[in-house]
Participant: 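The structure follows.
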Amino acid sequence: GQSLEQPSEVTAVEGAIVQINCTYQTSGFYGLSWYQQHDGGAPTFLSYNALDGLEETGRFSSFLSRSDSYGYLLLQELQMKDSASYFCAVQGTDKLIFGTGTRLQVFP
Amino acid sequence: DSGVTQTPKHLITATGQRVTLRCSPRSGDLSVYWYQQSLDQGLQFLIQYYNGEERAKGNILERFSAQQFPDLHSELNLSSLELGDSALYFCASSVGGSESSYEQYFGPGTRLTVT
């Protein structure tokens, strides 16, 4: 079967750095995606890792270790608008499987 | 704005009824995906269509069906509705087939309430 695990909630203050971890178990793995979803909104694509290593996109970075079936999303210089749910998603052979999401709350 | 449109935005109906949700993908995208998101839950993949053909199936109930039309818009039909079907239903699209499924563009969703 396929399963993804990520923390249910993370809190941080403005300007801080936060890391959201994701471990997965899947048959047929092509890559790991990250999506952001604000309350009442639609998920939006943030990043994708197909190979091991770090991908940086502005304040956000994503990391993948295929041997450890593990990845993380790193958010730097946190802003209030970063308060949202973050989902990791495994790209399998025929579909994208989403984790249950991590709710990030940023405090002033 | 992702470029994906969904109608209606809200839908309230009674148990036992049937509804149809509509989705238009981004211009140029050939794949359409349907997801169900219940309160405080993750996104449950229902089904994917690519260029008019069913490509992948997730945990879609037999009471649910979907299709993608020649103009690439898609419809999700939900029948014999139950209270537990109340959820947010998202449609998403991507450029190609499964190889591009990692980057999907989501519509604003249809909030279905079954009473």
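A, B, ... follow the sequence lines: proteins, then strands. Residue 1 opens every chain. Small disclaimer: the values here were computed from a predicted structure and weren't measured.
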Participant: In terms of heavy-atom pairs under 4.5 Å, which option from Gly41(A), Pro43(A), Ser47(A), Ala42(A) contacts chain B the most?
Facilitator: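 If we count pairs closer than 4.5 Å to chain B, Pro43(A) comes out on top.
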
Participant: Show the numbers, then the answer: is there a side chain to side chain contact (heavy atoms under 4.5 Å, CB included) between Val114(B) and Glu82(B)?
Facilitator: CA-CA 7 Å; Val114(B) 182; Glu82(B) 302 175 359; 5.9 Å; no

Participant: Can you tell me which residue pairs pass the disulfide (SG to SG under 2.5 Å) test with a partner in residues 42-77 of chain A, sequence neighbours excluded?
Facilitator: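 Those involving residues 42-77 of chain A do not exist here.
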
Participant: Side chain, backbone, both or neither: which part of Ser2(B) has a heavy atom under 4.5 Å from chain A?
Facilitator: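 Nothing of Ser2(B), per the 4.5 Å heavy-atom cut-off to chain A.
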
Participant: In the single-linkage hydrophobic clustering (I, L, V, M, F, W, Y; side-chain heavy atoms under 4.5 Å), do Ile47(B) and Tyr50(B) co-cluster?
Facilitator: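 In one cluster: no.
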
Participant: If you check every heavy atom in residues 3-33 of chain B against those of chain A, which residues fall under 4.5 Å?
Facilitator: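 Within residues 3-33 of chain B, no residue comes under 4.5 Å of chain A, counting heavy atoms only.
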
Participant: Which heavy atom of Ala66(B) sits nearest to which heavy atom of Tyr49(B), and what is that distance?
Facilitator: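 Residues Ala66(B) and Tyr49(B), closest heavy atoms: O-OH, 2.6 Å.
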
Participant: Taking all non-hydrogen atoms of both residues into account, name the closest pair between Phe98(A) and Phe106(B) and its distance.
Facilitator: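 Looking at all heavy atoms of both residues, the closest pair is CZ-CZ, 3.9 Å.
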
Participant: Against chain B, label Ser8(A) side chain, backbone, both or neither, depending on which of its atoms sit under 4.5 Å from a heavy atom there.
Facilitator: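 Answer is neither: Ser8(A) stays 4.5 Å or more from chain B.
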
Participant: Would you give the length of the straight line joining atom CG of Leu96(A) to atom CG of Leu43(B), rounded to the nearest 0.5 angstrom?
Facilitator: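 Spacing of CG (Leu96(A)) from CG (Leu43(B)) equals 9.0 Å.
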
Participant: How long is the gap from CZ on Arg55(B) to CD on Gln68(B), to the nearest 0.5 Å?
Facilitator: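 With rounding to 0.5 Å, CZ (Arg55(B)) is 10.5 Å from CD (Gln68(B)).
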
Participant: For chain B, which residues of residues 55-88 of chain A have at least one non-hydrogen atom nearer than 4.5 Å to it?
Facilitator: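 Counting heavy atoms that sit under 4.5 Å from chain B, the residues of residues 55-88 of chain A involved are Phe87(A).
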
Participant: Where does the angle between the aromatic ring planes of Phe29(A) and Tyr24(A) fall among parallel (under 30°), tilted (30 to 60°) and perpendicular (over 60°)?
Facilitator: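 Rings of Phe29(A) and Tyr24(A): parallel, as their planes differ by under 30°.
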
Participant: Between Ile97(A) and Thr26(A), is a side chain to side chain contact (heavy atoms under 4.5 Å, CB included) present by the stated rule, with each step listed?
Facilitator: CA-CA 9 Å; Ile97(A) 303 298; Thr26(A) 181; over 6 Å; no

Participant: With sequence neighbours excluded, give me every side chain to side chain donor-acceptor pair (under 3.5 Å) pair touching residues 103-115 of chain B.
Facilitator: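 Found Tyr35(B)-Gln104(B), Glu103(B)-Tyr105(B).
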
Participant: What distance separates Glu75(B) CD from Leu78(B) CG, expressed to the nearest 0.5 Å?
Facilitator: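 Output value for this atom pair is 11.5 Å.
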
Participant: Of the backbone (N, CA, C, O) and the side chain (C-beta and beyond), which part of Phe45(B) lies under 4.5 Å from a heavy atom of chain A, both, or neither?
Facilitator: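 Side chain only.
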
